[in-house]
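Here is the structure we will look at.
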Amino acid sequence: MGILAFLILGLIAGAIAKAILPGRQGGGWVITLVIGVVGAILGGWIGSLIFGGGLADFFDLRTWLLSILGAVVVLLIYGAVAGRRSRA
């Protein structure tokens with residue numbers, strides 16, 4: 001998968017993760033892109049540990065599910081860290 005495809009995957013996975021989680025998450029499209037890309041990397045790593053294969057092709061369902069799952073985890077961590085800073 002190329003860099004551009006990976007960035008598009010990250011942006012869409014980050015947007016889906018923001019839509020899945022309730023509440024208002026801060027940040028614009030750049031933060032969504034970063035959350036999605038980091039989530040895709042995390043999801044690919046977890047997938048390679050559990051299933052023996054990480055991110056494959058752009059149009060593979062496993063790639064999308066792992067990326068979205070990773071983005072949800074990263075968004076939960078981001079929300080916990082950002083929420084703690086704003087309350088202080």
Side-chain angles (χ1 to χ4, degrees):
M1 182 173 6
I3 289 288
L4 184 60
F6 196 71
L7 290 176
I8 292 171
L9 173 72
L11 182 62
I12 295 172
I16 292 172
K18 280 189 169 186
I20 289 173
L21 289 177
R24 184 169 184 262
Q25 294 87 15
W29 67 271
V30 175
I31 296 298
T32 303
L33 174 70
V34 170
I35 287 171
V37 167
V38 172
I41 292 169
L42 178 66
W45 180 71
I46 291 172
S48 68
L49 289 177
I50 295 173
F51 304 118
L55 304 178
D57 293 329
F58 184 77
F59 293 107
D60 190 13
L61 181 63
R62 182 178 63 186
T63 298
W64 284 94
L65 292 177
L66 288 173
S67 297
I68 293 169
L69 178 69
V72 167
V73 170
V74 171
L75 189 58
L76 286 171
I77 294 170
Y78 173 75
V81 170
R84 189 176 314 144
R85 276 193 215 150
S86 66
R87 292 183 200 147

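A side chain to side chain contact (heavy atoms under 4.5 Å, CB included) with Val38 holds for exactly one of Ile41, Val34, Ile35; it is Val34.
Counting heavy-atom neighbours within 6.0 Å of Leu49 CG, excluding the residue itself, gives a total above 12.
Residues satisfying the side-chain contact (heavy atoms from CB on, under 4.5 Å) criterion with Leu11, sequence neighbours excluded, are Thr32, Leu33. In this view, Leu76 and Leu21, Val72 satisfy the side-chain contact (heavy atoms from CB on, under 4.5 Å) rule, not counting sequence neighbours.
The nearest pair of heavy atoms linking Asp57 to Thr63 is O-OG1, 3.0 Å. Across all non-hydrogen atoms, the minimal contact from Ala40 to Leu9 is CB-CD2, 4.4 Å. Nearest approach of Phe59 to Trp64, heavy atoms of both residues: CA-NE1, 4.2 Å. Shown here for Leu42 and Gly70, the closest heavy-atom pair between the two residues is CD2-O, 4.0 Å.
Atom CD1 of Ile31 sits about 10.5 Å away from atom CH2 of Trp29, to the nearest 0.5 Å. To the nearest 0.5 angstrom, Asp60 atom CG is 9.0 Å from Leu65 atom CG. To the nearest 0.5 Å, atom CD1 of residue Ile12 and atom CG of residue Leu7 are 11.0 Å apart.
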Quiz item: Under the side chain to side chain contact (heavy atoms under 4.5 Å, CB included) criterion, do Ile20 and Ile68 qualify, and how do the steps go?
Solution: CA-CA 10 Å; Ile20 289 173; Ile68 293 169; 3.9 Å; yes
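In this structure, Phe51 is a member of the same hydrophobic cluster as Val73, with clusters built from ILVMFWY side-chain heavy atoms closer than 4.5 Å.
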